[in-house]
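To start, the structure under review is shown below, and the notes come after it.
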Amino acid sequence: MMITTPPPSLPSTSPSASLSPALAPSHQDFPGELRCVSAARRFITRQLRDSRYEPLTDDVVLLVSELAGNAVVHTRSGEPHGTFTVRLRPTCSALRISVLDQGGYKVPHVRHGCGERGRGLGLVAAIADRWGTDGDGSGRTVWFEIAQPPVRTSPAKTNAFPT
């Protein structure tokens, strides 16, 4: 009898891809249009479904929405034929989400004040455990990490009435 090991599975971005609780790294490219921010939210929701990170979905979707919107509004990703990429990568202690854009003239920063605009990175800073930027005007990555949710275990069953 011959025993073979299946090949390692590759990350998938298809809607029907199911992920184990371990959650595989994945990414998806999007056209640089505001209407595609909702597609980025759906991508993240699908990836987190049925994973140990599912309890974090609302926070992660909110932050991805902010970063994807920023990529489209404030970088060359929002110009004709522009794109942005959402990348999801679990680490040993956290979930890291990155939004890669095509660069721009402004360095992303948290704005302080009461205006109606410019509070997206403030939300990221308030909700994420860590966040940062890499790159320059020709291409930039804004990322955040949220710590893994605690693993819930079922209470031990006890028999209060000895037999």
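Positions are given from 1, in the same order as the sequence printed here. Worth saying up front: this structure is predicted, and the values here are computed from it rather than measured.
In this structure a side-chain-to-backbone donor-acceptor pair under 3.5 Å is present from Thr45 to Arg41. Counting only distance, with no hydrogens or angles, the side chain of Gln148 and the backbone of Leu95 share no donor-acceptor pair below 3.5 Å. Side-chain atoms of Ser77 come within 3.5 Å of backbone N or O of Thr83 as a donor-acceptor pair.
Ring pair Phe84/Phe30 is parallel by interplanar angle, where below 30° counts as parallel and above 60° as perpendicular.
There is a side-chain donor-acceptor pair under 3.5 Å between Thr85 and Asp29. Remark: the Thr91 side chain and the Arg96 side chain contain no N/O donor-acceptor pair separated by less than 3.5 Å. There is no side-chain donor-acceptor pair under 3.5 Å between Gln102 and Thr75.
In this structure, the separation between CD1 on Ile146 and OH on Tyr53 is 11.0 Å, given to the nearest 0.5 Å. A distance of 11.0 Å separates CD of Glu33 from OG of Ser38, quoted to the nearest 0.5 Å. With rounding to the nearest 0.5 Å, the separation of CG in Leu62 from CG in Leu56 is 13.0 Å. To the nearest 0.5 Å, atoms OG1 (Thr57) and CG (Leu48) are separated by 4.5 Å. To the nearest 0.5 Å, the span separating NE2 on His74 from CZ on Arg140 amounts to 12.0 Å. To the nearest 0.5 Å, atoms CZ (Arg76) and CG (Asp101) are separated by 9.0 Å.
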(request) Take Gln47 and His27 through the test side-chain contact (heavy atoms from CB on, under 4.5 Å) and record every step on the way to the result. (result) CA-CA 10 Å; Gln47 298 306 303; His27 71 278; over 6 Å; no

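In the hydrophobic cluster analysis, where Ile, Leu, Val, Met, Phe, Trp and Tyr join through side-chain heavy atoms closer than 4.5 angstrom, Val99 is grouped together with Leu121. Note: the hydrophobic cluster containing Val142 also contains Val72 (ILVMFWY, side chain heavy atoms under 4.5 Å, direct or indirect links). A continuous path of hydrophobic side-chain contacts links Val60 to Phe43 [ILVMFWY only; heavy atoms under 4.5 Å].
Here the side chains of Phe144 and Ser98 are not in contact, with every heavy-atom distance at 4.5 Å or above. Leu23 is listed as a side-chain neighbour of Leu88, based on a closest heavy-atom distance under 4.5 Å.
When all heavy atoms of Pro31 and Cys36 are compared, the closest pair comes out as O-CB, 3.4 Å. Of all heavy-atom pairs spanning Ala40 and Val86, the tightest one is CB-CG2, 4.0 Å.
Checking Leu67, Ile44, Leu63 one by one against Ile97, the side-chain contact (heavy atoms from CB on, under 4.5 Å) holds for a single residue, Ile44.
Counted within 6.0 Å of CG on Asp58, heavy atoms from surrounding residues, nucleotides or ligands total 12 or fewer; the atom is thus considered open.
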